[in-house]
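Quick notes on the structure that follows.
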Amino acid sequence: MPRAELDALRWRRLRATLERTYASSAFYRARMQRAGVTPDDIRTPEDFRRRVPTVDKLDVLADQRERPPFGSVVAVPDALVEYCFLTSGTSGKGQEVHAYTAADVAESLTSWAASLHWAGVMPGDTAYHMVPIGVTAGPVTLLSAFQQYGLRTFAVGNMEGEARLEMMQRFPPHFFSTGPVYLRRLTTICREQGIDPRRAFPALKAIKLGSFGFDVPWAQEMEEFWGAKLIDTYASTQCGGGIASTCEHGTYLPDGQRGMMHFPEHKVYAEVLNPETGEPAREDEEGEVILTAFGREAMPILRFRTDDKVIFKSHRQCACGRPFDGIEAGTVSRYDTMLKIRGMNLWPEAIDAIVLAHPEVDEYNGRLGVAENGREVARVLIEFKVGAPSDAAHRARVLGELRSKIKENTGVGMEISEARPGEIERFAYKEKRWKDQRRQQL
Ligand SMILES: [Zn+2]
């Protein structure tokens with residue numbers, strides 16, 4: 001489809017989404033009324049960008065707190081809400097509730113089809129889904145999407161790495177889906193056990209990654225070791241699933257430059273804007289992703305600020321010739337302080353609230369890394385106050401209490417230890433307390 005034709009289609013869908021959302025979602029109607037704008041005022045994409053207000057996670061949470069559980073954003077009668085998911089951030093900012101109608105679920109099932117097709121994955125292929133299934137939308141809709149596409153899917157997210165590899169040797173995969181840190185872990189186990197994926201899994205075509213940055217030499221090493229192409233993807237619970245994916249040209253180009261992920265722009269209206277000026281990012285410029293989904297029934301999404309920091313790529317920058325713009329592969333990060341640990345969203349404020357509230361703790365530092373065995377680890381180093389009881393048994397008990405409390409409140413297990421003298425760094429900005437070394441340690 002030529003770009004001009006795609007633009008015309010997008011504009012028609014955007015207009016329809018705007019009108020339907022204004023008519024059926026009290027939340028969005030009130031926001032637009034406060035901004036003094038109605039759908040009739042929006043005559044060009046520029047009007048849309050300049051006049052329709054953006055919305056963020058805190059707006060949605062405040063609305064849902066006021067009118068639990070779904071908020072006034074819901075645009076369908078309650079009986080039509082068939083599925084309900086929660087976001088994974090259990091503390092720090094709060095947990096959003098996401099409502100889906102049957103049609104929303106059906107739509108999200110197709111959200112990964114292009115990505116699979118571009119990677120050469122075919123119906124009938126054997127796939128492994130390696131993310132634990134829970135109450136968040138991503139893993140559930142991804143699994144359903146694989147099944148809907150016709151993949152024979154093994155959901156092994158709750159198995160240990162060794163057991164997964166054993167399964168994969170019994171039922172050799174054409175494709176599997178995991179994250180960069182876990183791929184490193186599987187690679188480590190393969191090396192320990194003398195498994196050569198090129199021989200053990202000769203039909204493997206592609207490995208889907210997502211939501212985590214990586215460097216090109218790492219991607220080259222993984223493709224060489226596994227004998228398969230890496231697919232990088234970008235997803236959003238708010239939009240009901242897959243938002244962007246690399247095409248057959250992959251995550252990097254022959255000259256070592258990074259590749260791009262294309263937005264399926266017939267399904268989603270993705271803006272990449274400079275957060276200071278609000279103007280669209282140009283090719284290779286940094287910006288924030290603002291999402292509007294076409295055709296979401298239960299919970300429309302209109303100009304949702306993701307806080308995701310990306311590098312914009314135009315469709316002209318990919319050799320595949322598709323008309324879809326997108327973002328650079330392997331470099332999605334955050335504007336806010338949110339950390340993603342083993343697939344869970346976590347705000348440092350949640351840890352601050354637990355650790356710094358303890359009367360004997362003076363300061364702490366957090367470190368995210370990848371251990372020798374390829375496991376993702378979160379370490380918290382504690383500095384006790386001068387004058388706090390110093391006997392070892394007492395301090396060990398305090399550390400144990402903090403460990404349990406963090407696990408209980410955030411769902412993330414962390415290693416907690418007392419810092420050596422001088423080990424703790426102090427910062428004017430609290431977000432610096434956390435140092436993420438995972439990408440370097442992949
Ligand atoms: Zn392409």
Side-chain angles (χ1 to χ4, degrees), residues 1-23 39-52 54 103-104 106-121 145 148-149 231-236 238-250 253 259-274 278-285 287-297 300-304 306 310-329:
M1 179 185 273
R3 181 72 208 187
E5 222 172 281
L6 175 65
D7 281 337
L9 172 73
R10 278 154 48 79
W11 179 242
R12 280 201 305 280
R13 291 198 171 160
L14 187 61
R15 288 276 331 163
T17 299
L18 198 56
E19 268 163 34
R20 194 178 48 246
T21 304
Y22 188 84
D40 287 340
D41 299 324
I42 307 303
R43 303 195 175 281
T44 63
E46 203 181 344
D47 288 342
F48 180 75
R49 187 176 77 248
R50 291 190 191 283
R51 302 201 56 190
V52 176
T54 56
D104 290 335
E107 172 67 17
S108 80
L109 297 189
T110 65
S111 66
W112 293 107
S115 171
L116 295 168
H117 180 71
W118 293 346
V121 178
Q148 177 85 359
Y149 187 78
I231 312 172
D232 194 20
T233 59
Y234 173 69
S236 150
Q238 285 81 12
C239 265
I243 299 297
S245 171
T246 50
C247 63
E248 62 275 21
H249 290 279
L253 308 177
M260 72 179 280
M261 299 186 258
H262 296 279
F263 291 123
E265 291 185 279
H266 55 304
K267 292 163 78 87
V268 60
Y269 194 87
E271 303 168 79
V272 178
L273 304 182
N274 179 318
E279 292 299 313
R282 286 182 296 238
E283 288 181 4
D284 300 315
E285 271 181 11
E288 179 185 359
V289 179
I290 315 282
L291 290 174
T292 299
F294 300 139
R296 296 261 309 151
E297 287 186 345
I301 156 169
L302 205 58
R303 304 205 75 213
F304 182 81
T306 60
V310 301
I311 293 170
F312 176 73
K313 292 275 181 188
S314 95
H315 62 284
R316 287 180 292 271
Q317 291 178 277
C318 190
C320 73
R322 291 188 182 87
F324 302 130
D325 290 343
I327 54 182
E328 190 173 79

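The shown structure was predicted, so the numbers you read here are calculated from the model rather than taken from an experiment.
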In a table with atom names and distances, give each donor-acceptor pair under 3.5 Å that connects a side chain of residues 111-120 to protein atoms at least two apart or in another chain.
{"unit_1": "Ser111", "atom_1": "OG", "unit_2": "Ser108", "atom_2": "O", "d": "2.6"}
{"unit_1": "Ser111", "atom_1": "OG", "unit_2": "Gly242", "atom_2": "N", "d": "3.1"}
{"unit_1": "Ser115", "atom_1": "OG", "unit_2": "Ser245", "atom_2": "OG", "d": "2.8"}

Ionic contact status for Arg50 with Glu279, cut-off 4.0 Å | yes
Quick one: do Arg322 and Glu265 make a salt bridge, cutoff under 4.0 Å?
-> no
Given side chains that start at C-beta, do those of Asp41 and Asp47 come closer than 4.5 Å, heavy atoms only?
-> no
Kindly indicate whether the side chain of Thr306, heavy atoms from C-beta on, has any atom under 4.5 Å from the side chain of Tyr234.
-> yes
May I have the step-by-step check of salt bridge (charged side-chain N to carboxylate O under 4.0 Å, His left out) for Glu46 and Arg51, ending in yes or no?
-> CA-CA 8 Å; Glu46 203 181 344; Arg51 302 201 56 190; over 6 Å; no
Starting at [atom1] of [X], measure out to [atom2] of [Y] and round the result to the nearest 0.5 Å.
| X | Y | atom1 | atom2 | result |
| --- | --- | --- | --- | --- |
| His315 | Cys320 | NE2 | SG | 10.0 Å |
| Met261 | Ile311 | CE | CD1 | 10.5 Å |
| Ile42 | Arg15 | CD1 | CZ | 8.0 Å |
| Leu302 | Ile290 | CG | CD1 | 11.5 Å |
| Leu253 | Cys318 | CG | SG | 7.5 Å |
| Arg296 | Leu291 | CZ | CG | 11.0 Å |

Residues Glu297, Arg20; criterion salt bridge (charged side-chain N to carboxylate O under 4.0 Å, His left out); working and verdict | CA-CA 9 Å; Glu297 287 186 345; Arg20 194 178 48 246; over 6 Å; no
Step through it carefully: locate the ring centre of Phe263, locate the ring centre of Tyr269, and say whether they are under 6.0 Å apart.
-> no
Under 6.0 Å between the ring centres of His266 and Phe294?
-> no
Using the six-membered ring of Phe48, assess whether NZ or CZ of Arg303 lies under 6.0 Å from its centre and within 45 degrees of the ring axis.
-> yes
Please test Asp284 against Gln317 for side chain to side chain donor-acceptor pair (under 3.5 Å), starting from the C-alpha separation and ending with a verdict.
-> CA-CA 10 Å; Asp284 300 315; Gln317 291 178 277; 3.1 Å; yes
For Arg13, check side-chain hydrogen bond (donor to acceptor under 3.5 Å, both in side chains) against everything at least two apart and list the hits.
-> none
For Asp7, salt bridge (Lys or Arg N to Asp or Glu O under 4.0 Å) partners two or more places apart = Arg3, Arg10
